[in-house]
Amino acid sequence: MKKIRNFSIVAHIDHGKTTLSDRILEDTGAVPKRKMQAQLLDAMDLERERGITIKAKAVRINYKDYILNLIDTPGHVDFSYEVARSLRACEGVLLLVDASQGVEAQTVAHAHLAQSLGLKIIPVINKVDLNQSDADITEEQIWEVLKEPVLAERVSAKTGLGIEHLIDRIITDLPAPVCDIKAKTRALIFDSFYDPFRGVIIYVRMVDGVLKAGDTLKLMASGFTSKIEEVGFMTPKLQKSDKLEAGEVGYVIAGIKDIHQVQVGDTVTVASAPAENALPGYTDAKPVVFASIFPVETTDYPLLRTALEKLNLSDSSFSYQSETSKALGFGFRLGFMGLLHIEIVKERLEREFNLSLIATSPNVIYQVKFTPRKTHPQELLALADAGNGYKWIDNPANFPPYGDIIDIKEPTIKIKIVVPITYMDGVMTLLKEKRGQYISLENLSSDRVVINYYMPMAEMVVDFYNKLKSVSKGYASFDYEISDYQSSDVVLMEILIHGSPVDALSVITHKDKAVSRGRLLCEKLKELIGRQQFEVALQARVNGKIVARETIPAYRKDVIAKCYGGDITRKRKLLEKQKEGKKRMKSIGNVDIPQEAFIAMLKIEE
């Protein structure tokens with residue numbers, strides 16, 4: 001056990017985590033040179049193309065009589081839960097910082113998380129071979145974050161500079177796991193994935209005791225039991241072993257067919273002699289952003305359902321349920337961990353299952369208190385209870401009538417933005433526009449600051465990221481955590497086309513922004529729908545009042561072209577006859593909204 005080192009690599013997105021893990025695998029001989037390839041631990045095509053890590057990976061390395069268990073984590077803020085659970089499986093972390101970009105928002109967040117868990121931190125400055133890198137200033141910024149001067153390793157993951165010295169420092173500086181092999185078995189689940197032939201493969205970090213094939217495992221949070229078929233290590237391919245002992249990191253196969261039985265962060269014990277207490281830190285990962293997905297071709301609905309069932313086996317962090325829209329037909333309502341998560345799930349559905357999809361604009365989940373009435377639809381009365389008379393509502397289509405609403409609470413986030421001082425004013429102005437509340441301002445170095453604000457989450461999911469990059473010329477980075485629910489003056493805005501509300505275009509917005517947003521939506525729709533044989537009214541309605549309107553004029557034939565003279569009454573008679581026909585057509589006419597209009601409308605906020 002004294003020869004084991006469990007460590008993780010954490011960093012802001014795009015600072016070179018996966019490249020560093022590639023070099024460590026190559027220099028320790030864990031992977032033969034002939035089998036080596038870039039982004040070795042990133043198995044998905046999407047991860048390789050975008051250069052991002054989506055799922056945490058683990059690998060066992062044998063080096064100089066030591067066992068090094070490396071866990072590669074995602075860097076994007078959407079997947080911070082994966083980072084948190086991976087860190088609980090470690091005794092130390094490599095805090096990686098790009099020398100050309102310096103400390104960023106998620107670097108700060110990861111460093112504070114590692115410190116709160118009592119982990120040993122080795123700062124690593126990457127990309128020192130670049131001309132624009134400044135390792136000295138970057139090291140000062142790291143010291144400011146850690147609040148202590150810790151010598152940073154200077155490496156280039158691309159060229160291999162300094163990697164061997166870094167590996168030696170991992171062995172000397174990081175502590176061995178403190179475990180009890182004779183105690184009752186406890187193991188932390190830090191990841192899992194679904195294999196179509198073998199079922200769910202669980203990645204565990206052994207804390208106490210022993211797990212071996214033939215034992216009956218028990219998951220302490222759910223109480224689920226199953227017989228263990230195989231245990232082993234990731235090297236990085238699965239390598240079978242006789243047993244897993246305290247301090248080791250490995251995998252467990254127990255013939256589980258439903259991945260939802262296995263919750264990440266849960267504790268594994270042996271059913272014959274179960275542990276009394278589960279390991280701390282388990283929380284159920286709850287989706288925070290919701291969007292609906294519909295097939296462009298309505299006949300593809302069964303294919304979409306099958307695709308979601310299969311995808312949910314490999315990515316259990318999103319939830320889904322079927323829903324119907326009058327405008328877009330049958331589809332599904334999905335819950336995600338963040339905006340990048342929406343993009344990734346949609347792209348994987350389109351790419352892996354060859355589907356063409358429309359995703360509605362994302363929104364958050366609200367707590368709504370309202371007076372229940374018999375006239376309310378069944379779906380409204382069946383909503384999940386949020387306590388104190390509030391109901392959870394994640395879909396604008398499910399909002400109760402405005403006259404029955406007593407109070408609406410929206411989720412808030414605590415946002416941390418790292419930005420050069422030059423762009424600080426622009427960023428703070430943007431936060432004020434987004435209904436932000438000031439918390440604090442910290443100096444990270446002579447030219448960078450950390451801005452802390454409270455902000456409604458609904459303001460972040462619309463177009464915050466693009467505007468932040470715009471006002472800071474791309475230099476700002478941000479990290480956030482969910483705070484709590486606060487009462488807010490938000491309203492449901494419906495879009496009416498020819499007098500009929502279109503459910504897919506309904507949005508929940510703040511009362512102060514309803515008029516400007518309604519006007520923008522109506523103007524955009526006017527461009528997209530095109531003229532009909534009759535006049536069409538486009539309206540935005542809030543609390544029963546029309547707050548914005550645009551009119552699409554009708555096509556008109558020149559009925560008086562044949563009149564080359566004569567009395568004015570002849571022309572007036574023809575015009576009145578045309579007017580009467582248009583009026584009759586308007587009363588019975590329907591407006592067909594093209595799919596392109598919906599797709600374009602959903603991009604309006606961008």
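Worth knowing before you read on, the calculation uses all heavy atoms, side chains too, and leaves out hydrogens, waters and symmetry mates.
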Under 3.5 Å side-chain donor-acceptor pair for [X] and [Y]:
{"X": "Thr412", "Y": "Asp484", "answer": "yes"}
{"X": "His110", "Y": "Asp479", "answer": "no"}
{"X": "Asn452", "Y": "Ser440", "answer": "yes"}
{"X": "Asp98", "Y": "Asn126", "answer": "no"}

Q.
Before you tell me yes or no, could you show the steps for Val262 and Ile189 under side chain to side chain contact (heavy atoms under 4.5 Å, CB included), namely the whole-Å CA-CA distance, both residues' side-chain angles and the distance that decides it to 0.1 Å?
A. CA-CA 8 Å; Val262 181; Ile189 300 174; 3.8 Å; yes

Please check: side-chain N/O of [X] versus main-chain N/O of [Y], any donor-acceptor pairing under 3.5 Å?
{"X": "Ser133", "Y": "Ala135", "answer": "no"}
{"X": "Thr267", "Y": "Ala187", "answer": "no"}
{"X": "Arg186", "Y": "Pro274", "answer": "no"}
{"X": "Lys469", "Y": "Ala476", "answer": "yes"}
{"X": "Asp215", "Y": "Lys212", "answer": "yes"}
{"X": "Thr185", "Y": "Thr269", "answer": "no"}
{"X": "Arg5", "Y": "Leu174", "answer": "yes"}

Locate the shortest heavy-atom distance separating [X] from [Y]; write the atom from each residue and the value.
{"X": "His341", "Y": "Phe318", "value": "CE1-CB, 4.0 Å"}
{"X": "Ala291", "Y": "Ile342", "value": "CB-CD1, 4.3 Å"}
{"X": "Phe353", "Y": "Ala307", "value": "CG-CB, 3.5 Å"}
{"X": "Ile259", "Y": "Val200", "value": "CA-CG2, 3.6 Å"}
{"X": "Leu96", "Y": "Ala11", "value": "O-CB, 3.2 Å"}
{"X": "Ser222", "Y": "Asp266", "value": "N-OD2, 3.9 Å"}

Q.
For a side chain to side chain contact (heavy atoms under 4.5 Å, CB included) check, start with the C-alpha distance between Val207 and Asp180, then their side-chain angles and the critical distance, and finish with the verdict.
A. CA-CA 7 Å; Val207 176; Asp180 187 354; over 6 Å; no

Listing, residues 243-257 side-chain donor-acceptor contacts under 3.5 Å, not counting sequence neighbours, or none:
unit_1	atom_1	unit_2	atom_2	d
Lys243	NZ	Glu245	OE2	3.1
Glu248	OE1	Glu245	N	2.9
Tyr251	OH	Glu230	OE2	2.5

Between [atom1] of [X] and [atom2] of [Y], what distance do you get to the nearest 0.5 Å?
{"X": "Gln263", "Y": "Met220", "atom1": "CD", "atom2": "CE", "value": "15.5 Å"}
{"X": "Ile4", "Y": "Leu68", "atom1": "CD1", "atom2": "CG", "value": "10.5 Å"}
{"X": "Leu119", "Y": "Leu113", "atom1": "CG", "atom2": "CG", "value": "8.0 Å"}
{"X": "Asn6", "Y": "Arg60", "atom1": "CG", "atom2": "CZ", "value": "10.0 Å"}
{"X": "Ile202", "Y": "Leu188", "atom1": "CD1", "atom2": "CG", "value": "12.0 Å"}
{"X": "Ser21", "Y": "Leu94", "atom1": "OG", "atom2": "CG", "value": "10.5 Å"}

I'd like to know whether [atom1] of [X] has more than 12 heavy-atom contacts from other residues, nucleotides or ligands below 6.0 angstrom.
{"X": "Glu164", "atom1": "CD", "answer": "no"}
{"X": "His165", "atom1": "NE2", "answer": "no"}
{"X": "Ile137", "atom1": "CD1", "answer": "no"}

Q. In terms of ring plane angle, is the pair Phe478 and Tyr480 parallel, tilted or perpendicular, where the classes change at 30° and 60°?
A. parallel

Any side-chain heavy atom of [X] within less than 4.5 Å of one from [Y]?
{"X": "Arg348", "Y": "Leu311", "result": "yes"}
{"X": "Lys184", "Y": "Val270", "result": "no"}
{"X": "Ile171", "Y": "Tyr63", "result": "yes"}
{"X": "Val59", "Y": "Leu25", "result": "yes"}
{"X": "Val268", "Y": "Lys218", "result": "no"}
{"X": "Ile125", "Y": "Glu139", "result": "yes"}
{"X": "Leu441", "Y": "Val450", "result": "no"}
{"X": "Met457", "Y": "Ile482", "result": "yes"}

**Q.** Stepwise salt bridge (Lys or Arg N to Asp or Glu O under 4.0 Å) check, Lys182 with Asp208
**A.** CA-CA 7 Å; Lys182 294 177 182 176; Asp208 296 316; over 6 Å; no

Any ion pair linking [Y] and [X] (charged N to carboxylate O, less than 4.0 Å)?
{"X": "Arg154", "Y": "Asp136", "answer": "yes"}
{"X": "Asp394", "Y": "Arg333", "answer": "yes"}
{"X": "Asp27", "Y": "Arg23", "answer": "no"}

Q: Using the side chain to side chain contact (heavy atoms under 4.5 Å, CB included) rule, take Val155 and Leu161 through it: C-alpha gap first, then chi angles, then the decisive distance, then the call.
A: CA-CA 5 Å; Val155 304; Leu161 174 73; 5.9 Å; no

Q: Kindly state each residue pair satisfying salt bridge (charged side-chain N to carboxylate O under 4.0 Å, His left out) with at least one member in residues 104-124, sequence neighbours excluded.
A: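 Passing the test, one end in residues 104-124: no pairs.
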
Enumerate, atom names and distances included, each donor-acceptor pair closer than 3.5 Å involving a side-chain atom of residues 140-152, sequence neighbours excluded.
unit_1	atom_1	unit_2	atom_2	d
Gln141	OE1	Val103	N	2.9
Trp143	NE1	Val150	O	2.9
Lys147	NZ	Glu144	O	3.0

Q) Distance under 6.0 Å and angle within 45° of the ring axis: does Arg205 meet both against Phe190? A) no

Q: Test Ile415 against Phe464 for side chain to side chain contact (heavy atoms under 4.5 Å, CB included), laying out the working first.
A: CA-CA 12 Å; Ile415 191 164; Phe464 179 74; 3.5 Å; yes

